[in-house]
Amino acid sequence: MTKEFDLAALLAERGAERYELHAKHLNHQQPRMLRTIGFDKVYERAEGAHFWDADGNDYLDMLAGFAVMGLGRHHPVVRKALHDVLDASLADLTRFDCPPLPGLLAEKLLSYSPHLDRVFFGNSGTEAVETALKFARYATGRRRILYCSHAFHGLTTGSLSVNGEDSFRKGFAPLLPDTAVPLGDLDALARELKKGDVAALIVEPVQGKGVHEAPPGYLLAAQELLHRHKALLIADEVQTGLGRTGKFYAYQHDDGVEPDLVCVAKALSGGYVPVGATLGKDWIFQKVYSSMDRVQVHSASFGSNAQAMAAGLAVLSVMENEEIVANAAAVGDRLKSRLAALVDRYELLADVRGRGLMIGIEFGRPSSLKLRSRWTMLQAARKGLFAQMVVVPLLQRHRILTQVSGDHLEVIKLIPPLIIDTDDADRFVDAFTEVMEDAHNGGGLMWDFGKTLVKQAVANR
């Protein structure tokens, strides 16, 4: 007799093996890295912007699964929508019909960007970017894509071609024809466009790596330059979209910006079912899907599946009904202003920047001799170690989950669930203040951990 599958029993029996299973069967460096930085926690459950461990200790999530959990974990409206769509037993993914849910989600999503007309649904942010790159190249008849220095658009081959981090690209060439231009540098953009072979510029309105915002007026001026040279503007809103920066899309902070293609993912999933979407102008889609012979020229096996579409519709409903974008703007302003007030107080704190609930905290070289010598020791071993030194006590002492904004960067990025309230924001600022106070007073535990990181960095060379 076949034994019935029991998920709860399996987790109860084997859940404690989680780190060993990862080390043996998955990315073996992941558990090693987590143990090195003291992040090898075991979380038992989660709800909203909080986790709990087996002892019932509460942890504040300021990472949101790298911005996937826009509504936090297990939002009841999204949960119900998924129960409902499973209970409906729909004839899903037949591939030879036109189910209602993709059309309804596309209609709703397009209502937030009325200058766009059509949507392609995939399964992730990198797929959304891949789609935009393909569509831009086909629609313009050109092959070269421009991207901004320090950009991050994904790790599949096409997306990697427009990734501004050499450590990700190393060893994976050849990639697509591409050229990097500095974010905000219109002269560099104009020089490349004059060559006549550029299909598009892809840009994050606020870069995830380092939290660098496009200068005011840059996107609009870039759009005008691109269109003058018959090239397209692609806005990568995978991380910044759906309210993260205090607007539904981050490009909407600049009046008149109307990208030709927009990529979204992450928060649209509700944290449950992977989904990516590429929104675009009608004429681009008309060119790509120019005849019935080309009806499947770009598709995705699991794209537009009923569960993902239901989750997306539920997410957008919650965002409207609970005024999520307004909350991100208001709580983000409070969080940023309180943190910015600390810059003059702590010499190790160099800058606080960002929009809404996408905030970068940057550390820099201190002026006092004692702190400067310690800072220099860390920098000599590996840039980015001080930021990691701050992240660790935030988790270990204050039970707040954060992470650095990118490899070799002295920047912590705050991208919490968009539902956090002022109490959560104040809890973070109070904890962060204590950590900075400890760092400036030469707190032994923190700097001792720094020495451990230095040894590990040297050993990895």
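Between the Ser405 side chain and the Gly208 main chain, a donor and an acceptor come within less than 3.5 Å of each other. No donor-acceptor pair under 3.5 Å is formed between the side chain of Arg399 and the backbone N or O of Phe51. A distance-only check finds a donor-acceptor pair linking the side chain of Thr131 to the backbone of Glu127 [under 3.5 Å].
By the 4.5 Å heavy-atom criterion applied to side chains, Val404 and Leu409 are not counted as neighbours. The closest side-chain heavy-atom distance from Val77 to Leu71 is not below 4.5 Å. Using a 4.5 Å cut-off on side-chain heavy atoms (C-beta onward), Leu316 and Tyr112 make contact. Contact annotation: the side chain of Ile361 never approaches that of Val390 to less than 4.5 Å [non-hydrogen atoms, C-beta and beyond]. Within the 4.5 Å cutoff, the side chain of Asp53 has no heavy atoms near those of the Val42 side chain. Put simply, the side chain of Phe363 reaches to within 4.5 Å of the side chain of Ile412, judged on heavy atoms. Under the 4.5 Å side-chain criterion, counting only non-hydrogen atoms from C-beta, Leu60 is in contact with His50. A heavy-atom distance below 4.5 Å is found between the side chains of His227 and Asp260.
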Let me see the working for Leu21 and Arg14 under side-chain contact (heavy atoms from CB on, under 4.5 Å), right down to the final yes or no. CA-CA 9 Å; Leu21 288 168; Arg14 305 286 306 277; 3.8 Å; yes
For Leu7 and Leu11, what are the C-alpha separation, side-chain angles and deciding distance, and is it a side-chain contact (heavy atoms from CB on, under 4.5 Å)? CA-CA 6 Å; Leu7 179 62; Leu11 288 173; 4.2 Å; yes
Chi angles and distances behind the salt bridge (Lys or Arg N to Asp or Glu O under 4.0 Å) call for Arg191, Asp187: CA-CA 6 Å; Arg191 284 194 297 272; Asp187 291 336; 5.4 Å; no
What do the steps show when you test Asp197 against Arg142 for salt bridge (Lys or Arg N to Asp or Glu O under 4.0 Å), and what is the final call? CA-CA 6 Å; Asp197 63 341; Arg142 299 170 178 177; over 6 Å; no
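When all heavy atoms of Ile145 and Ala199 are compared, the pair lying nearest together is CD1-CB, 3.9 Å. Heavy-atom minimum distance, Leu233 versus Leu219: CD2-O, 4.2 Å. Across all their heavy atoms, Ala128 and Thr278 have their closest contact at O-OG1, 2.8 Å. The two residues Val325 and Gly243 have their closest heavy-atom pair at CG2-CA, 3.8 Å. When all heavy atoms of Glu258 and Gln223 are compared, the pair lying nearest together is N-OE1, 2.6 Å. In terms of heavy atoms, Ser161 sits closest to Leu175 at OG-CB, 3.1 Å.
Partner of Tyr59 under the ring pair (Phe, Tyr, Trp, His ring centres under 6.0 Å) criterion, chosen from Tyr43, Phe428, Phe39, Trp52: Tyr43.
In this structure, the separation between CD on Glu410 and CD on Gln388 is 10.0 Å, given to the nearest 0.5 Å. The structure places CD1 of Ile415 at 11.5 Å from CD1 of Ile359, a figure rounded to the nearest 0.5 Å. If you take CG on Asp97 and CG on Asp92, they are separated by 8.5 Å, rounding to the nearest 0.5 Å. We find the CG-CG distance between Asn163 and Leu160 to be 5.5 Å, quoted to the nearest 0.5 Å. For the atom pair Tyr251 OH and Thr245 OG1, the distance stands at 11.0 Å (nearest 0.5 Å). Taking CD of Glu224 as the start and CG of Leu226 as the end, the distance is 10.0 Å to the nearest 0.5 Å.
At a cut-off of 3.5 Å, with distance as the only test, a side-chain donor of Ser317 or Asn321 sits close to an acceptor on the other residue.
Between His298 and Phe120, the distance separating the two ring centers is shorter than 6.0 angstrom.
Between Asp61 and Arg73 there is a salt bridge, since at least one side-chain N of the basic residue sits less than 4.0 Å from a carboxylate O of the acidic one. Salt-bridge check for Asp423 with Arg427: failed, with every basic side-chain N at 4.0 Å or more from each acidic carboxylate O. Taking the charged nitrogens against the carboxylate oxygens, Arg118 and Asp282 do have a contact shorter than 4.0 Å, which makes a salt bridge. Note on Glu362 versus Arg353: salt bridge recorded, some NZ/NE/NH1/NH2 to OD/OE distance being below 4.0 Å.
Below 30°, between 30° and 60°, or above 60°: for Phe285 and Tyr289 the angle between ring planes is between 30° and 60°, a tilted geometry.
By the side-chain hydrogen bond (donor to acceptor under 3.5 Å, both in side chains) test, Thr157 is found to be paired with no residue, residues two or more places apart in sequence or in another chain being considered.
The number of heavy-atom neighbours closer than 6.0 Å to OH of Tyr19, taken from other residues, nucleotides and ligands shown, is above 12. Within a 6.0 Å sphere centred on CD of Glu323, other residues, nucleotides and ligands contribute 12 heavy atoms or fewer. Applying the 6.0 Å contact sphere to CD of Gln286 captures more than 12 heavy atoms from other residues, nucleotides or ligands. Residue His253 qualifies as enclosed at atom NE2: its count of foreign heavy atoms under 6.0 Å is above 12.
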